[in-house]
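Step one of this worksheet: look at the structure below.
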Amino acid sequence: MSNILEVKDLNVSYGGIKAVKNISFQVPKGEVVTLIGANGAGKSSTLRSIVGLVKPASGSILLDGEEIAGKAPEQIVSKGITLVPEGRRVFADLTVLENLKIGAYMRKDSLEDDLNWCYDLFPRLKERHWQLAGTLSGGEQQMLAIARALMSRPEIIMMDEPSLGLAPIVVRGVFDIIREINRQGKTILLVEQNANMALHAANHGYVMETGRITLSGTGEELAANESVKAAYLGKQRKN
Amino acid sequence: MTKKKAAVINVALIAALLIALYIMEQILPPTAMVFTVLKKGAIYALVAVSMNLLNGFTGLFSLGQAGFMLLGAYTYGILTIPVEQREFVYQYFDGGIVKFTVPVVVALIAAGAVAAVFAYLIGLPVLRLKSDYLAIATLGFAEIIRAVFQWDKLGPLTNGSNLLRSYPTFQSVLYPFIVSGICIAIIVMLINSTYGRAFKAIRDDEVAAEAMGINLAHHKRMAFIISSFFAGVSGALLAMYQTTIQASMFKSAMTYEILLIVVIGGIGSVTGSCISSFLFIIFSEWILRFLDNDTYIGSFHVPLLRSGFRKVVFSVIIMVIVLFFRKGIMGTREFSVQGICNFFTGKSRKKKAVKGGDSND
């Protein structure tokens with residue numbers, strides 16, 4: 001299977017601080033790949049540099065074989081990759097429908113089909129399409145953030161901690177959605193601290209620590225790995 | 001009510017308003033206070049909406065409005081003073097260097113265009129700043145522009161610190177209403193377009209907007225340029241209303257007045273800005289005038305009432321609004337016929353949606 005996303009020797013730094021040090025990983029088409037790790041491991045920085053919000057210091061990022069490192073976000077997003085940002089970041093003073101339309105900002109064609117698709121995935125959003133996004137519950141906002149990202153019709157969706165600050169039952173709902181989106185053919189790169197859920201949803205996983213990838217393997221392998229268990233599953237740190 | 005029906009009602013309302021204004025002009029003497037209020041109100045409504053486009057819809061806190069109005073006013077004046085009058089207007093500068101005139105409509109558009117060009121140039125360095133810093137930088141720009149236009153060396157163009165006058169003005173109250181109306185309609189269309197949605201997205205969350213593929217620098221620049229364009233047009237209208245132009249008119253106090261209108265009306269509400277601009281003008285030019293006059297009731301000299309007291313009262317009003325009515329008259333809502341109908345018939349979108357379409361009405 002071909003890799004839709006290939007990251008090679010990526011370095012990201014903020015001022016003098018190196019957040020991501022020489023990491024490489026691949027995301028095969030149609031799979032769920034997860035990056036797990038503690039706070040400050042560099043997971044979010046990796047995603048932000050892939051979508052162009054931060055310019056990488058060095059390294060290459062290939063999307064479908066095309067170099068996107070250092071390009072502007074609007075160029076990158078229009079190539080079929082999108083980010084569900086950490087902490088949801090929905091547009092609070094816009095309605096749900098407007099949020100979805102913003103998600104499709106780079107597209108000029110009709111949105112009808114995609115809107116219906118999103119409403120099928122998230123019936124709640126259809127009920128509340130006129131409501132201001134800021135008045136939705138945390139779980140609904142996360143659904144909206146995912147739906148908004150889907151509206152750009154991406155090949156690959158990157159999600160930055162979609163379970164952040166949500167009740168366990170809602171987290172399960174989010175992961176059901178992730179599996180469903182994947183089943184419908186989208187590739188997913190998932191960043192999580194909730195290692196347990198993430199590894200069980202993922203085909204492949206990478207463990208990041210202080211800016212480096214220290215372990216990799218299939219989801220099951222990592223979930224069974226002793227050091228991963230000790231660090232993330234057994235005595236998971238409260239954040 | 002369908003969209004089409006609402007549009008018909010809106011058009012009918014606007015027509016009714018214009019007819020009412022026309023009839024008023026026929027009946028009342030042209031010096032009546034109400035015309036002053038309406039003319040100035042319409043002009044301020046336009047500049048308030050243009051400021052709202054930037055501050056309320058794009059989230060860029062700019063205080064350069066007076067500067068762009070000045071640019072618009074001067075552009076209009078310079079381009080429209082009749083050639084035979086220039087000798088008298090530019091009496092210290094040999095009739096000035098501009099030796100032609102253009103039609104009023106062209107001059108109005110040129111007024112906006114000059115303001116927009118300056119906005120582009122100023123925007124290049126200034127739009128990298130955020131919130132308060134942007135406000136300070138734009139305020140500084142407006143003050144610098146004002147000083148530059150009074151500079152003697154620019155006299156052949158700007159007439160230095162002397163007045164510009166004798167240019168075509170308007171008599172009818174309909175004129176500012178129609179020009180402002182067209183401009184505000186354009187702004188409203190912009191706000192409701194994909195572009196406007198992107199502005200609002202930037203206001204709500206810059207990072208998320210950028211992640212959606214919205215080019216922040218480009219959109220901020222466009223909002224700044226468009227807002228300045230209409231500030232320039234309103235500056236030209238103000239020049240027509242005042243019949244003379246002097247740079248000292250466009251002090252930062254004018255920007256604050258406009259900011260006050262925007263805040264009272266509701267940051268992020270076009271109709272709020274329009275309503276509050278008329279309210280503001282009615283109060284400041286008419287009803288609260290008595291605060292500035294020494295008043296005697298019989299032989300009793302009413303304390304506090306003297307020149308400048310109006311400003312004190314206004315300051316108190318601002319404080320009260322900021323403390324207790326932070327959302328202004330309209331908040332981010334818009335005044336619409338449909339909204340009024342829904343209010344009276346008790347039908348709201350909320351009710352329908354909560355019932356999920358199962359409702360019987």
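The sequence lines fix the lettering, A, B, ..., with proteins before strands; numbering per chain opens at 1. Note that the structure is predicted; figures quoted are calculated from it, not measured.
- Closest approach of A:I102 and B:A201 over heavy atoms only: CD1-CB, 3.7 Å.
- Counting non-hydrogen atoms of neighbouring residues, nucleotides and ligands closer than 6.0 angstrom, the NZ atom of A:K71 exceeds 12 such neighbours.
- Counting non-hydrogen atoms of neighbouring residues, nucleotides and ligands closer than 6.0 angstrom, the OH atom of A:Y14 exceeds 12 such neighbours.
- Residues B:G213 and A:Y105 approach most closely at O-CD2, 4.3 Å, considering heavy atoms.
- Residue B:K327 qualifies as open at atom NZ: its count of foreign heavy atoms under 6.0 Å is 12 or below.
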request  = Please report the C-alpha distance between A:K101 and B:T194 in whole Å, then the side-chain angles of each, then the deciding distance to 0.1 Å, and finally whether the side-chain contact (heavy atoms from CB on, under 4.5 Å) criterion is met.
outcome  = CA-CA 8 Å; A:K101 284 184 176 170; B:T194 324; over 6 Å; no
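- Checked by atom type and distance alone, the side chain of B:D205 never pairs as donor or acceptor with a backbone atom of A:F91 at under 3.5 Å.
- Between chain B and the residues A:V51, A:I76, A:L83, A:L53, the most heavy-atom pairs under 4.5 angstrom are made by A:L53.
- The environment of A:I17 atom CD1 is sparse: at most 12 non-hydrogen atoms of other residues, nucleotides or ligands sit within 6.0 angstrom.
- Atom CZ of A:R179 sits in a crowded spot, with more than 12 heavy atoms from other residues, nucleotides or ligands closer than 6.0 Å.
- Considering all non-hydrogen atoms of both residues, A:M106 and B:M212 come closest at CG-O, 3.8 Å.
- Within residues 48-64 of chain B, no residue has any heavy atom closer than 4.5 Å to a heavy atom of chain A.
- In terms of heavy atoms, A:L94 sits closest to B:R197 at CD1-O, 4.2 Å.
- Contact check for A:R89 versus B:V207: side-chain heavy atoms found under the 4.5 Å cut-off.
- Within 6.0 Å of CZ in A:F122 there are more than 12 heavy atoms belonging to other residues, nucleotides or ligands.
- The contact between A:R48 and chain B is made entirely by side chain atoms (from C-beta outward), counting heavy-atom distances below 4.5 Å.
- The 12-atom threshold is exceeded at NZ of A:K55, counting heavy atoms of other residues, nucleotides or ligands nearer than 6.0 Å.
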